[in-house]
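Both ligands and their constituent atoms are indexed starting at 1 by order of listing. What you see is a predicted model; the values in this text were computed from it and never measured.
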Amino acid sequence: MEKIQVKETQADEFQMTESPIKTFEYLCKTVQDFSDCMEDFLYVYDLVHDKYYISPSALKRFNIEEELFSDVSETHRTFVYEKDYDMLIADLQRVIDGEVDGHNLTYRWLDREKKPVWINCRGKSIRGKDGVPLFLIGCINELGRYPVADQASGLLTNIVIKDFFNTGKSHTKIGFIMCISIDDLHHLNEWNGKKNEVTVVQEVVDCINKEMKETQMLYRLLKDQFVIIDYESESDSTECAIELYERIQSRIEQRIEQNGYQTLYTISGGIISNRDTEKLSYDTMIQVTQFILEKMREQGPSTIYCYKESEYNEFLDKRYLLSDLRKAMLNDYQRYEVYFQPIVNGNQGDIYGAESLLRFYCSDGTMMSPVKFIPLLEDSGMIIPVGRWIIYQALSFCKKCRQYIPDFKISVNISYVQILKSNIVETIENALKENKLPPQCLVVEMTESGYLEKSMIVKKVWSELKTLGVGIALDDFGTGYSNWSSIGILLPNTIKLDREFTIKAVKNPYEHQLMTHIIEATHSLNLKICVEGIENEQELHAISSMEPDSIQGYYFGKPCTESTFLNNLLGSDPAETSNFS
Ligand code: C2E
Ligand code: CA
Ligand code: CA
């Protein structure tokens with residue numbers, strides 16, 4: 001598309017009281033004056049001199065360098081979405097040619113990050129006495145930006161809170177901020193339909209409104225989240241907030257009863273005293289709110305959470321750690337290392353395999369416990385790529401060990417996230433193929449977490465791995481959720497008895513008897529037992545009589561690097577094998 005053709009006209013042809021140049025300056029000044037009073041962006045386009053002026057606030061939002069520019073069509077290229085550019089120029093040309101009296105177009109501009117943003121641009125042309133169009137003046141309105149009011153609940157949204165914070169009204173020690181969320185609104189919706197969701201929201205808002213003082217303010221954050229701001233409660237603000245929460249809750253309960261229990265729903269609350277937010281910026285405040293909402297979710301439905309700075313700092317530490325974990329992963333797994341701990345035969349104490357255990361080095365070089373960072377990898381989904389990398393590291397290590405012990409087995413811990421959210425069977429198959437190793441060299445360890453045996457996906461993956469020939473170990477038996485029924489359903493090849501169990505069996509004759517029976521019962525099912533966490537001779541002696549199939553523990557070797565394992569535990573000569581008995 002060609003550039004806009006500006007009409008060849010002399011300024012003195014216009015019969016206006018003011019010269020058009022002066023008029024342009026005047027219009028620009030007006031646009032500038034209005035800029036701070038509105039969310040939308042005003043503009044004036046001098047069609048004769050090819051100049052354009054837009055509200056200065058537009059520069060913060062769009063990819064526009066200066067509020068006043070010439071060579072209008074070319075400059076528009078820099079901030080109009082490429083695909084919409086020709087359409088815009090064609091439309092403006094009709095205005096310049098006087099074919100139309102205005103401009104009303106919905107198309108896309110680019111924001112500061114050069115991402116397309118839908119806008120509606122309306123304008124009206126002003127003609128000179130001879131009918132020649134002189135100016136186009138109008139308004140750019142960003143579509144769908146910041147709904148200030150939510151009509152369904154009749155509340156203002158958090159955009160208004162932003163203004164509230166930015167005007168400094170929030171800088172007081174008195175009062176509190178309380179988040180309220182409707183528990184599981186999403187599920188309510190699934191059962192009873194969208195209309196019901198609207199009714200529940202309206203009921204909750206009504207109950208809150210009825211319990212709030214006039215000076216307290218209620219805003220809607222998201223469809224199921226609200227925030228009450230109080231800047232007046234002088235006595236213990238947290239206590240006042242809890243009281244308010246309890247009143248709202250009991251009003252909701254009454255309402256549900258009045259409605260004949262047609263829909264059951266609950267709310268949760270989160271409170272922060274203004275003493276804790278006094279110095280916070282709006283952005284930090286939003287982060288704190290997110291933290292409070294997360295804590296509310298963690299605590300479960302129908303509960304109230306009171307903000308604690310130490311817990312927020314912990315939350316921030318976790319965030320930093322997560323970003324550290326991600327950076328290290330993207331940097332070729334730098335700062336991650338897989339350690340290996342020997343597993344020995346139950347009768348002779350010969351090394352028979354090893355368990356892979358992940359390590360992460362903090363920025364100060366200290367090593368962090370996997371108990372601390374594996375849950376973060378799981379929650380963020382990063383355990384999928386990191387877990388894949390561990391499988392490759394473990395198999396490459398196994399290949400080296402097989403030069404010393406031909407049927408060496410390597411165990412790898414697999415998280416339920418890897419099973420549920422990635423194609424773990426394919427990953428394992430490929431890794432075995434690439435390393436030219438038989439499936440029998442790999443044992444997958446999984447911890448029973450209460451719902452494993454109920455999940456169809458887990459059962460499917462479990463049986464596919466078995467068909468493939470990979471060994472399966474049920475980890476941490478004797479802790480948490482582990483129970484006999486899961487063994488019957490999952491039928492693993494091996495059961496690993498946790499150190500917790502081992503310690504009890506060493507100290508207490510009843511536990512010793514129980515452990516002996518478990519081992520016997522397991523053997524009668526043709527399953528193998530690995531006893532974990534043997535640290536000394538006394539513990540070894542106590543469990544040896546039970547004849548476990550394999551043993552693991554510091555007594556036989558702590559987790560160590562690949563090179564330490566190969567050099568110190570297997571010896572440098574591949575023909576030589578170690579005996580720890
Ligand atoms: P786990 O799978 O039960 O691993 C055994 C843990 O017991 C390891 O802790 C190991 O160092 C420790 N241990 C071994 N022998 C002894 C002993 O004699 N005494 C004592 N007190 N402890 C012993 P670690 O390496 O800190 O790992 C903790 C947990 O983190 C693991 O428990 C596992 O659940 C998880 N984990 C570690 N690496 C990975 C991994 O690569 N992937 C996944 N998904 N989880 C992993
Ligand atoms: Ca394990
Ligand atoms: Ca274990």
### Message
If we count only non-hydrogen protein atoms and require a distance under 4.0 Å, does atom 6 (C) of ligand 1 qualify as touching the protein?
### Response
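No, there is no protein heavy atom closer to it than 4.0 Å.
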### Query
Is there at least one protein heavy-atom neighbour under 4.0 Å from atom 34 (O) of ligand 1?
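No, no protein heavy atom sits under 4.0 Å from atom 34 (O) of ligand 1.
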For [atom], what's the nearest protein heavy atom and its distance?
atom	result
atom 19 (N) of ligand 1	Glu535 OE2, 2.6 Å
atom 3 (O) of ligand 1	Asp476 OD1, 3.1 Å
atom 43 (C) of ligand 1	Asn413 CB, 3.5 Å
atom 11 (O) of ligand 1	Pro559 CG, 3.3 Å
atom 10 (C) of ligand 1	Leu357 CD1, 3.9 Å
atom 16 (C) of ligand 1	Tyr554 CE2, 3.2 Å
atom 39 (C) of ligand 1	Ile374 CD1, 3.7 Å
atom 24 (P) of ligand 1	Pro370 CG, 3.7 Å

Number the atoms of ligand 1 from 1 as they appear, then name those within less than 4.0 Å of a heavy atom of [X], with their elements.
X	value
Gln341	14 (C), 15 (N)
Ile534	18 (O)
Glu532	3 (O), 5 (C)
Val371	28 (C)

Considering residues, nucleotides and ligands other than [X], do more than 12 of their heavy atoms fall under 6.0 Å from its [atom1]?
X	atom1	value
Gln440	CD	yes
Asn313	CG	yes
Lys318	NZ	no

### Query
In terms of the angle between their ring planes, are Tyr307 and Tyr312 parallel, tilted or perpendicular, with boundaries placed at 30° and 60°?
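Correct class here is tilted.
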### Task
For the pair Phe373 and Tyr336, name the ring-plane relationship: parallel under 30°, tilted 30 to 60°, perpendicular over 60°.
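Answer is perpendicular, since the angle exceeds 60°.
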#### Entry: the Ca ion (ligand 3) reached by Asp498 (N, O or S, under 3.0 Å)
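Here the distance criterion (N, O or S atom, under 3.0 Å) is not met by Asp498, so no.
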### Query
Within Asp475, is some N, O or S atom less than 3.0 Å away from the Ca ion (ligand 3)?
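Given the 3.0 Å cut-off, Asp475 counts as a ligand of the Ca ion (ligand 3).
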### Message
Please give the atom name: the N, O or S atom of Glu445 nearest to the Ca ion (ligand 2).
### Response
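Output for this pair reads OE1.
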#### Entry: Glu355 atom (N/O/S) at minimal separation from the Ca ion (ligand 2)
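Nearest N/O/S atom of Glu355: OE2.
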Reported [atom1]-to-[atom2] distance for the pair [X] and [Y], which is rounded to 0.5 angstrom:
X	Y	atom1	atom2	result
Leu569	Thr564	CG	OG1	8.0 Å
Ile229	Met178	CD1	CE	11.5 Å
Ile424	Leu465	CD1	CG	7.5 Å
Leu357	Phe340	CG	CZ	9.0 Å
Leu221	Thr289	CG	OG1	6.5 Å
Lys421	Tyr416	NZ	OH	7.5 Å

Residue pair [X] / [Y], side-chain heavy-atom distance below 4.5 Å:
X	Y	answer
His523	Asp549	yes
Cys530	Gln552	yes
Phe360	Arg335	yes

### Query
N/O to N/O below 3.5 Å, does that happen between Arg359 and ligand 1?
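Yes, there is a polar N/O contact under 3.5 Å.
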### Task
Check whether any N or O atom of Asp498, backbone or side chain, sits under 3.5 Å from an N or O atom of ligand 1, and answer yes or no.
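Not met; the criterion fails.
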### Task
Would you mind telling me which of Asp184, Asp183, Thr303 makes a side chain to side chain donor-acceptor pair (under 3.5 Å) with Thr266?
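Testing each of Asp184, Asp183, Thr303 against Thr266, the sole residue satisfying side chain to side chain donor-acceptor pair (under 3.5 Å) is Asp183.
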Under-4.0 Å heavy-atom contact with ligand 1, by part of [X] that carries it:
X	result
Met446	neither
Ile390	side chain
Lys496	neither

### Query
Of all N/O/S atoms in Asp476, which lies nearest to the Ca ion (ligand 3)?
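That would be atom OD1.
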### Task
Looking only at N, O or S atoms, find the one in Glu532 nearest to the Ca ion (ligand 3) and name it.
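Closest to the Ca ion (ligand 3) among those atoms: OE1.
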### Message
Please determine whether Asn413 has a backbone or side-chain N, O or S atom lying under 3.0 Å from the Ca ion (ligand 2).
### Response
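Checking Asn413: at least one N, O or S atom is under 3.0 Å.
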### Query
Is Lys558 close enough and on-axis enough to Tyr554, meaning under 6.0 Å and within 45°, for cation-pi?
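Yes, Lys558 sits over the ring of Tyr554.
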### Task
Give a yes/no on ligand 1: does Glu355 have at least one heavy atom closer than 4.0 angstrom to it?
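The answer is yes, since Glu355 has a heavy atom less than 4.0 Å from ligand 1.
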